[in-house]
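Positions are given from 1, in the same order as the sequence printed here.
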Amino acid sequence: MSILKQHHISSSPTLKRCKSFTFDVNQQAESLVQWEQRYNQHSSGTFNGYLDELKLDGIHFFEEFTNRTLLQQCSINEDNLWLGFSLQQQRPKINNQEILAGQIMTRPSGVEFELLTPSDFSIYGLVINKESLSKEMVGPDIELWQNQSTNMQVSAPNHYVTYELAKIINLVLNTNNSTIGNSEILDQNNLSRLTKLSPLITSKVADLLSRTEYDYTDPKVTHLTTNLTIQKVVADITNYVKETSSYPLTISELCKITGVGRRTLQYCFEHGFGISPIQYIRDCRLNEIRRILLNSEDKDIIIADLALDFGFYHIATFNSQYKHLFGETPSQTIKRSSGYHSVPMIKDITKG
């Protein structure tokens, strides 16, 4: 038996891409690095599987498929956190606990666990370096994802979080045959774009993880009894924009600017602006892109590249959000930009 590895690409020391096809259960167990694990096959027939993975800075993204029922004995090495979930109807079990749809399994390094996976099963996984994660977390979020990580077992069901995490993993793995979306911007011929997007992807993962519930409540949210904290957070954001003439691209940046955790930030934006911080950041970026399209003298501007520069890595989603906000597509904005400054301003002047 042998392992067949395809399209191994490394454009930088922090970017590693590999897909391994295996035809033996033991080789499948060995294909994941930074793990101590052993697989036992418990359904009859020839085994085959694959591991599709990419390492991007402090996060290891992967999708694993196995065609036979397996009992996996696992332990992750080094100072990392493992998160696993599946979008399939058949459900796995961790330490004999059945995992419901929308739940995320979490284990820190050095903690052994058993994972029972059914036949023809695909699982998504993230292995996150704690130091990398701490850079994206602020305040109580750090306590949740570092100091209390040994207590985490299984999250409460959250279909939005697992769906969005799967979209990100499929994006970085360039899974064009995915049932949940096509990676139109990133491909194997242009992985430099993926490196450029690394901070935005890491921040998006951190934001999604902060939405998961592990029987933990942000005390700052619970004890917000006045409008003073809300006003301070809003003022911090406004002052930052005025001083830098730019908008932060990620939730992590907003947290660092304001010095509050993600839950507190969510609370403040909903009560201060009436929208979520995600929507606020997105709308600001879309408005900036629109200004560039209207004022650019380059009529051959590549919309996908511009979207990527502002952190929109799903071009179809970007086009949809742009049209929803402005009532026209980016291409339509470009077409009429030539007459943008020549449109007469009509003033109604009433002489007294």
Legend entry - Glu253/Lys256 salt bridge by N-O under 4.0 Å criterion: no

Legend entry - Rounded distance [0.5 Å steps], CG in Leu83 versus CD1 in Ile104: 6.0 Å

Legend entry - Closest contact, heavy atoms only, Cys74 versus Gln37: SG-OE1, 3.7 Å

Inset, instruction - Test Tyr322 against Leu293 for side-chain contact (heavy atoms from CB on, under 4.5 Å), laying out the working first. - result: CA-CA 12 Å; Tyr322 187 98; Leu293 294 178; 3.8 Å; yes

Legend entry - Between CG on residue Leu54 and CG on residue Leu173, distance to nearest 0.5 Å: 6.5 Å

Inset, instruction - Using a 4.5 Å cut-off on heavy atoms from C-beta on, say whether the side chain of Phe23 contacts that of Thr46. - result: no

Inset, instruction - Show your reasoning for whether side-chain contact (heavy atoms from CB on, under 4.5 Å) applies to Glu328 and Arg290. - result: CA-CA 11 Å; Glu328 65 181 15; Arg290 181 177 176 80; 3.0 Å; yes

Legend entry - Euclidean distance, Ile123 CD1 relative to Leu87 CG, rounded to 0.5 Å: 10.5 Å

Inset, instruction - On the 0 to 90° scale, with breaks at 30° and 60°, tag the Phe113-Trp82 ring pair as parallel, tilted or perpendicular. - result: parallel

Inset, instruction - Consider only side-chain heavy atoms of I, L, V, M, F, W and Y, link residues closer than 4.5 Å, and tell whether Ile76 and Leu116 are in one cluster. - result: no

Legend entry - Where Gly261 and Cys255 come nearest, the two heavy atoms and their spacing: C-SG, 3.9 Å

Inset, instruction - Applying ring pair (Phe, Tyr, Trp, His ring centres under 6.0 Å) between Tyr124 and each of Phe62, Phe61, Phe85, Tyr163, report the one that passes. - result: Phe85

Legend entry - Under 3.5 Å donor-acceptor, Thr258 side chain and Val233 backbone: no

Inset, instruction - Answer yes or no: is there a donor N or O on one side and an acceptor on the other, between the side chain of Arg91 and the main chain of Glu98, under 3.5 Å? - result: no

Inset, instruction - Please name the pair of heavy atoms, one in Gly102 and one in Ser155, separated by the smallest distance, quoted to 0.1 Å. - result: O-OG, 4.3 Å

Legend entry - Partner set under side chain to side chain donor-acceptor pair (under 3.5 Å) for Gln72, not counting sequence neighbours: Tyr39, Thr117

Inset, instruction - For the pair Gln103 (side chain) and Ala156 (backbone), establish whether a donor and an acceptor sit closer than 3.5 Å, ignoring hydrogens and angles. - result: no

Inset, instruction - State whether a side-chain donor-acceptor pair under 3.5 Å links Thr22 with Gln27. - result: no

Inset, instruction - Look only at the side chain of Gln90 and the backbone of Asp120, and say whether a donor-acceptor pair between them is shorter than 3.5 Å. - result: yes

Legend entry - SB check Arg291 Glu288 (cutoff 4.0 Å): yes

Legend entry - Check: Cys18 main-chain N/O paired with Glu53 side-chain donor or acceptor under 3.5 Å: no

Legend entry - Within-4.5 Å side-chain heavy-atom neighbours: Ile99 and Met105: yes

Inset, instruction - Give a yes or no on whether the backbone of Ile334 and the side-chain of Gln332 come within a donor-acceptor separation of less than 3.5 Å. - result: no

Inset, instruction - Measure the spacing between CD of Glu112 and CG of Asn95 and express it to the nearest 0.5 Å. - result: 10.0 Å

Inset, instruction - Write down the atom of Asn77, the atom of Ser109, and the distance for their closest heavy-atom approach. - result: O-CB, 3.7 Å

Inset, instruction - Looking only at non-hydrogen atoms, find the nearest pair between Ser122 and Glu63 and report the distance. - result: OG-OE2, 2.7 Å

Inset, instruction - Take Ile292 and Ile301 through the test side-chain contact (heavy atoms from CB on, under 4.5 Å) and record every step on the way to the result. - result: CA-CA 10 Å; Ile292 292 175; Ile301 189 170; 4.2 Å; yes

Inset, instruction - Decide whether Ile315 and Leu325 are clustered together by the hydrophobic rule: side chain heavy atoms of Ile, Leu, Val, Met, Phe, Trp, Tyr closer than 4.5 Å, transitively. - result: yes

Inset, instruction - May I ask you to test the Cys268-Val260 pair for a side-chain heavy-atom distance under 4.5 Å? - result: no

Inset, instruction - First locate atom CG of Leu306, then atom CD1 of Ile303, and finally report the distance between them rounded to the nearest 0.5 Å. - result: 8.0 Å

Inset, instruction - Report the distance from atom CG of Asn67 to atom OH of Tyr50, rounding to the nearest 0.5 Å. - result: 11.5 Å

Inset, instruction - Taking all heavy atoms of Ser276 and all of Gln266, pick out the closest pair and write down the distance. - result: CB-NE2, 3.6 Å

Legend entry - Atom CD of Glu36 with >12 non-hydrogen neighbours under 6.0 angstrom: no

Inset, instruction - For the pair Phe312 and Thr317, evaluate side-chain contact (heavy atoms from CB on, under 4.5 Å) and give the outcome as yes or no after the intermediate values. - result: CA-CA 8 Å; Phe312 293 96; Thr317 302; over 6 Å; no

Legend entry - Asp236 side chain vs Leu254 backbone, donor-acceptor pair below 3.5 Å: no

